[in-house]
Asks: 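Just passing along the structure, written as structure tokens.
Just follow the structure's listing: the first ligand is 1, and inside any ligand the first atom is 1. This chain uses plain numbering: 1 for the first residue, then up along the sequence.
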Amino acid sequence: MFTNQHYLRHLLRPEHYTSESHYRAELDHLFLPAWHPLATLGDLARPGDFLTFDLLETPILLRNFDGELRAFLNVCPHRHSKLTEKQRGNSPRLRCQYHGWEYHQDGGTGKIPDARAFRPWDRENSCLRRFRVETCGDLVFVNLSDTGVTLREWIGPLWELWQSYGGSFRHAATWEQDFPCNWKVVLENSLESYHIPQVHPKTFKDFSPEDISWHELDEKFTSYKTIPPNDFASRAQAWIARRLGHPVTNEYWHRNLHPHTTGASLDTVRMMQCVFPTGPTTCRYRAIFFTLRGQRRSPFAWVLSRILRSIATSVAKQIFAEDATIYQGVQKGMAASPHTGVIGTREERIYVFQKYVLDKCRVRRELPIVEATHDR
Ligand code: FES
Ligand SMILES: [Fe+2]
């Protein structure tokens, strides 16, 4: 059942999806305090493995130092070069690509070519800028702020659930794509099932009736649970879960931890999705996808888990591609819209999300918030 029984106001105005000043406010108030899922432990399994990202206008280097994960600004204190332009790799030492300065895991300098040329040594201004790194299950999170809550505090009530990313679920694939739309267009699309018949007629086909749809609306997160139809795909999934020794619930869960991190799950898959603003009207979507590994160790279970990984990843990417067809049209509409917009009860999670955005950005609302009303 939905929490609201009447439509809700669309709290955000089209300019909140286009303006530079609101984008800057969101970076400061929503994204700097946030923890961002960027990788899996498997991505950085060996000493010397590294990944780089452009995260919120900040170049990041994530690296395994003898088993310890560290995140640094990917900028060298010598003369500002990026330490590396590679997206991933393995190197025995963290060494700048330009003049070869080397760095230890605390960010301090190691070997400096022709070090005598830099006497007296300015230790304070020669360290890499470091960021906080923490893990939940197999997921590696980075935070760009030196202060603020721990990852566990940030994830809060979803901590136990998100620890299952890993364990009996194996990392199957990671993919990302840039879109010509504000990040909230992508996120809000994920918060409602109303678009399913129109955008996913062949994959999801239709949204669930209200009597088997449950919304949880919390200040920190919203969630949606439903029981997918008892069709061939659901029965096949239940069969695979049983064969791999995993309990069968037949439930689909979708949980969005404000502002931008979403965990979705079925009995055989887990998906962690994140959408990052890259400008007022552009964003980058990133999905880290897991499939059931299975408790049973047998050649049959191994083959089954491989087939599951292949088919489930392909279906997830297909759904992702279907959603991707709509984003640019929504953004173009935003830029020209004279309307205030309206949110239906099936979309009520969007209302909670928009309220969160406005509250955190301390934006004065032009309209009073009305939880449920016929008065437009
Ligand atoms: S800019 Fe990095 S060593 Fe010179
Ligand atoms: Fe969708």
Asks: One thing to verify: whether Arg129 and Asp146 come together as a salt bridge, which I'm taking to mean a side-chain N less than 4.0 angstrom from a carboxylate O.
Replies: yes
Asks: List the protein residues in contact with ligand 1, where contact means a heavy-atom separation under 4.0 angstrom.
Replies: Cys76, His78, Arg79, Ser81, Cys96, Tyr98, His99, Gly100, Trp101
Asks: Can a donor-acceptor pair be found between the side chains of Trp183 and Glu26 at a distance below 3.5 Å?
Replies: yes
Asks: Can you confirm if the aromatic rings of Phe141 and Trp162 lie within a centre distance of less than 6.0 Å?
Replies: no
Asks: Tell me how many protein N, O or S atoms are within a distance shorter than 2.8 Å of the Fe ion (ligand 2).
Replies: 4
Asks: Sorted by first residue and then second, give each salt bridge (charged side-chain N to carboxylate O under 4.0 Å, His left out) pair with at least one member in residues 160-183; sequence neighbours left out.
Replies: Arg152-Glu160, Glu176-Arg286, Asp178-Arg284
Asks: So do the side chains of Tyr224 and Ser208 get within less than 4.5 Å of each other, counting heavy atoms only?
Replies: yes
Asks: Would you give the length of the straight line joining atom CD of Gln97 to atom OG of Ser91, rounded to the nearest 0.5 angstrom?
Replies: 12.0 Å
Asks: Carefully, step by step, assess Phe276 and His36 under the rule ring pair (Phe, Tyr, Trp, His ring centres under 6.0 Å).
Replies: CA-CA 9 Å; Phe276 303 100; His36 312 286; 5.8 Å; yes
Asks: Give the table of side-chain donor-acceptor pairs shorter than 3.5 Å for residues 28-35, with sequence neighbours excluded, one pair per line with atom names and distance.
Replies:
from: His29; atom 1: ND1; to: Arg362; atom 2: NH1; distance (Å): 3.4
from: Trp35; atom 1: NE1; to: Val149; atom 2: O; distance (Å): 3.0

Asks: Under 3.5 Å, is there a donor-acceptor pair linking the side chains of Thr222 and Asn256?
Replies: no
